[in-house]
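Written below as structure tokens is the structure these notes are about.
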Amino acid sequence: RVFKPHASRRTVDPQVLWTLRLALYQRLFLDVPPYAAVAATLDAARPLLGRSAGFVNAVLRSVERGARRVAGAAPGEAAGILPLGGEHWVLEPAPFADPERDPVRHFGETRSLPDLLVARWVEEAGWERTRARGEACNQAPLPVLRVNRLRSSVEEVRAALEGAGLASRTGEVPGSLQLEEPAGDPRRLPGHAEGHWWIQDRSAQAAAALAAIRPGERVLDLCAGPGGKSFALYEESGGRARILACEVSEERLRRMEEQAARLGFEVECRRIAPEGRDLPAPSGDEAPDLVVLDVPCSNTGVLDRRPEARWRFGEEKLRRCVGLQRKILRRSLPRLLGPRTRVLWSTCSLEPEENRAMAERAARRAGLKILRDQTFEPGGGLGGGYAALLVPPGAADPSSP
């Protein structure tokens with residue numbers, strides 16, 4: 001959007017488009033000086049651009065002449081303002097839609113979101129929450145460490161981080177620490193090799209906590225990779241839950257096994273066929289106490305970590321996700337459940353069709369009821385999602401003493 005008003009001709013050449021995007025991203029979002037953002041990028045791309053190098057140079061110079069960085073939050077929405085949190089750019093000529101005439105399109109253009117997703121959020125959650133989501137999905141994600149309290153403690157992990165010059169604060173979920181800033185490769189952080197923690201977003205941690213696991217319970221995790229919820233349940237049970245973590249992807253299964261070994265968790269990992277014909281089918285006293293369905297979804301709650309997912313989102317994508325979730329329900333419920341089995345349904349989506357609507361569908365299919373559910377809004381460098389705990393009618397609250 002930013003460079004189109006400055007282009008004398010329309011171009012679809014991918015080499016030209018990506019050079020313009022790369023240079024402008026550096027200039028507008030990374031505050032790289034003009035001589036580096038423009039000249040260095042152009043020099044690097046020149047062998048690919050050929051005779052288009054002059055066109056790219058002219059467009060970038062024109063954008064620079066019409067761009068002005070201003071400290072402080074944007075005074076409001078305007079067709080010529082690009083908001084960047086604590087500061088903003090004033091761009092001339094104005095590249096974005098008029099916020100008065102077309103607020104959905106304007107918001108999508110200035111926050112890099114598809115119009116459809118913005119319109120859905122506005123209709124379902126209102127403008128205030130939509131604005132918060134739009135800001136959250138463009139923030140750098142902050143790592144949240146789930147402390148392995150079978151090997152360490154929150155205090156020990158925090159002290160080790162501080163010794164490495166990394167500030168952290170207590171996470172929203174007990175037993176977690178949130179780093180104050182991105183930290184690069186997590187394998188280089190203190191305590192990684194020793195298995196003192198693993199990275200798990202707060203919504204995934206809170207979803208696992210919703211299950212109120214108890215020592216000795218049997219858990220069947222049907223969509224387990226990369227293993228975070230199985231690991232959280234094992235740790236919360238004091239290492240006394242019996243967990244079977246299933247996964248269709250060989251690569252995700254391998255990573256899950258490596259993580260379990262690093263953490264010292266005795267979690268059984270098993271690969272299953274994509275169509276689920278070889279799902280374990282325990283019964284009677286061997287039936288699981290908890291079935292975890294952390295299902296594939298549209299990822300709209302974690303667009304900070306999965307930025308490409310926003311441009312994959314659409315009505316067809318949503319239908320495919322819902323269709324896959326229904327297939328998982330048909331092949332797992334109620335045949336995997338015993339008389340006391342509860343079900344944890346979770347996604348990293350914000351879309352009602354994948355969340356409450358599917359949890360209600362699962363409850364009807366399995367003869368259960370939704371005991372409680374929660375939507376986790378993204379923000380503060382943390383992702384969002386949804387979780388619901390389904391229990392048999394008349395069952396006691398598992399979180400009760």
Side-chain angles (χ1 to χ4, degrees), residues 124 173 200-214 217-234 236 241 243-248 272 276 279-280 287-302 318-378 383-393 395-399:
E124 185 269 328
V173 179
Q200 186 178 37
D201 194 80
R202 59 87 188 263
S203 61
Q205 293 189 35
L210 201 68
I213 191 71
R214 292 177 176 175
E217 288 193 316
R218 296 182 177 88
V219 179
L220 178 58
D221 189 346
L222 292 181
C223 309
K229 289 187 177 63
S230 285
F231 300 156
L233 293 167
Y234 184 86
E236 286 183 8
I243 298 177
L244 174 59
C246 301
E247 176 55 49
V248 300
I272 58 175
L279 280 174
D289 299 285
L290 176 68
V291 171
V292 180
L293 292 172
D294 183 24
V295 293
C297 67
S298 61
N299 302 125
T300 57
V302 290
L318 185 59
R319 281 194 292 270
R320 288 200 302 270
C321 288
V322 170
L324 178 57
Q325 293 169 6
R326 288 179 176 177
K327 185 181 293 185
I328 291 171
L329 287 182
R330 288 196 302 270
R331 293 175 176 175
S332 60
L333 303 182
R335 73 183 184 90
L336 298 181
L337 309 187
R340 298 182 303 276
T341 304
R342 57 194 190 275
V343 174
L344 179 65
W345 177 272
S346 68
T347 75
C348 54
S349 169
L350 299 174
E351 310 316 304
E353 296 93 327
E354 300 178 281
N355 294 341
R356 179 77 188 197
M358 288 301 296
E360 291 174 345
R361 187 183 186 91
R364 289 194 301 270
R365 183 173 185 84
L368 305 175
K369 67 175 183 179
I370 298 177
L371 180 66
R372 53 180 171 268
D373 68 339
Q374 186 175 355
T375 297
F376 308 100
E377 288 291 330
Y386 173 83
L389 182 64
L390 287 56
V391 301
D397 189 333
S399 64

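A quick note: this is a predicted structure, and the numbers were derived from the prediction, not measured.
In this structure, Pro288 and Val291 approach most closely via the heavy-atom pair CG-CG2, 3.7 Å. For the pair Tyr386 and Phe376, the tightest heavy-atom approach, listed with the atom from each and the gap, is N-CD1, 3.9 Å. Of all non-hydrogen atoms in Glu247 and Gly225, the two that sit nearest each other are OE1-N, 2.8 Å. Nearest heavy atom pair, residue Gly383 against residue Arg202, reads O-NE, 3.0 Å. What you find for Met358 and Glu353 is that their closest heavy atoms are CG-O, 2.9 Å. Taking each heavy atom of Pro378 and Gly301 in turn, the nearest pair found is CB-O, 3.8 Å.
Between Glu124 and Glu351 the shortest side-chain heavy-atom distance does not fall below 4.5 Å. Residues Trp345 and Arg361 have side chains not in contact (no heavy-atom distance under 4.5 Å, counting atoms from C-beta outward). Using a 4.5 Å heavy-atom cutoff, the side chains of Pro392 and Pro339 are not in contact. Counting only heavy atoms from C-beta outward, the side chains of Leu244 and Arg218 never approach each other to under 4.5 Å. Contact annotation: the side chain of Leu368 never approaches that of Arg342 to less than 4.5 Å [non-hydrogen atoms, C-beta and beyond]. Pro398 has its side chain out of reach of Leu290: every pair of non-hydrogen atoms, C-beta onward, lies at least 4.5 Å apart. Within the 4.5 Å cutoff, the side chain of Val295 has no heavy atoms near those of the Leu324 side chain.
With values rounded to the nearest 0.5 angstrom, Thr347 atom OG1 is found 8.0 Å from Asp294 atom CG. Between the CG atom of Leu337 and the CG atom of Asp289 there is a distance of 11.5 Å, given to the nearest 0.5 Å. Once rounded to the nearest 0.5 Å, the distance linking CZ of Arg214 with CG of Leu233 reads 14.0 Å. Taken from CZ in Arg340 to CD in Glu217, the straight-line distance is 9.5 Å, to the nearest 0.5 Å. With rounding to the nearest 0.5 Å, the separation of OG in Ser346 from CG in Leu293 is 8.0 Å. The CG atom of Leu222 sits 12.5 Å away from the CZ atom of Arg331 when rounded to the nearest 0.5 Å.
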Inset, instruction - Kindly determine whether Arg356 and Thr375 satisfy side chain to side chain contact (heavy atoms under 4.5 Å, CB included), including the steps that lead there. - result: CA-CA 9 Å; Arg356 179 77 188 197; Thr375 297; over 6 Å; no
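Within the 3.5 Å criterion, the main-chain N or O of Ser349 finds no donor-acceptor partner in the side chain of Ser298.
Applying the ring pair (Phe, Tyr, Trp, His ring centres under 6.0 Å) rule to Tyr234 yields the partners Phe265; only residues at least two apart in sequence or on another chain are considered.
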